[in-house]
Amino acid sequence: MACISPDGKPTASGGKMLVALKAGPCSAEEVAKASGLPVFRVRSGLRELAQAGLTNAKGDKYELSPEGQELANSL
Amino acid sequence: MEEVKEQTPSLPRLGQAAPPFEAVTTQGPLKLDDYKGSWLILFSHPADFTPVCTTEFIAFAEIYPELQKRGVELLGLSVDSVSSHIAWARNVEEKTKVKIPFPIIADLSKEVSTAYGMVHPGQSKTETVRCVFIIDDKQVIRTILYYPLTTGRNMDEILRIIDALQTSDANGVATPANWRPGDKVVVPPPNTQEMAEERLKEGYECVDWYLCRKKL
């Protein structure tokens, strides 16, 4: 897992994506711009965060789940 | 008696869609689709902790900023494990101060290397040879290079090919032998006699109707 450590905490890149999503639903390209991460990393990372229940996909955009919001607020 | 035929997977060809993959890498699981909209250089190396591959990885890391300026990402591959890739990249950084900034596929199952024809049994039955697949932003294969195990790749040529392909796409032209950015480009040859006659009046630098150059 590149975005979530085995202990369940977000990695540095995972944290950047969660913080970028605090602004509201974003596309992968928008998250990449806000986080400074390459788009390919963000696309992969957003899938991983969704599998962990921290984001929800809505069409081309991703938004924080309540659990993801709580985690993002703690970062 | 039924004849048993050896199944040889068809190899990717220029102009075809790049074979899709989902792979474990040093930067997490990645799919080919994750690179849509970017150019991608997918390259294989024989093995981690080997001398020529180490010089190549340093060289790829050094041209990575130039590639990024051109909208190109790098993705390495060998049949080693993620742990081996991580250990090797850390060792390269420790010994040479060069950080490997791009992901490396751990293709232990050989799924990706088989799909891309990266294992050449005449060179090695177990390791991938030095392949370079240049895949454009629409995920079409635009260039394939194969180097033998003994010969490290030339980064200038890889950058030159990227520049040539992107110049051709942007301007509808071709590039002559040994072309470098800033050099004159080749105007596509005319398809009809009428176009051939008009071609010579257009102010291009022409050797004859079929070979005309122009400055961009």
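Each chain gets a letter, A, B and so on, in the order the sequences are listed, and its residues count up from 1. For the numbers below, each heavy atom of this structure counts, side chains included, while hydrogens, waters and symmetry mates do not. Predicted, not measured: the structure shown is a model, and the values here were computed from it.
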Just checking A/Glu70: does its CD atom have more than 12 heavy atoms from other residues, nucleotides or ligands closer to it than 6.0 angstrom? no

NZ/B/Lys110: more than 12 non-hydrogen atoms of other groups inside 6.0 Å: yes

CD (B/Glu111) with more than 12 external heavy atoms under 6.0 Å: no

Could you list which of residues 68-107 of chain B have a heavy atom closer than 4.5 Å to any heavy atom of chain A, in residue-number order? B/Glu73, B/Pro103

Indicate the atoms forming the closest heavy-atom contact of B/Pro29 with A/Ser44, along with that distance. O-OG, 2.6 Å

For residues 30-50 of chain B against chain A, heavy atoms under 4.5 Å, the residues are B/Leu30, B/Lys31, B/Asp33, B/Asp34, B/Tyr35, B/Lys36

Kindly check if the number of other-residue, nucleotide or ligand heavy atoms within 6.0 Å of CZ (B/Arg213) is above 12? no

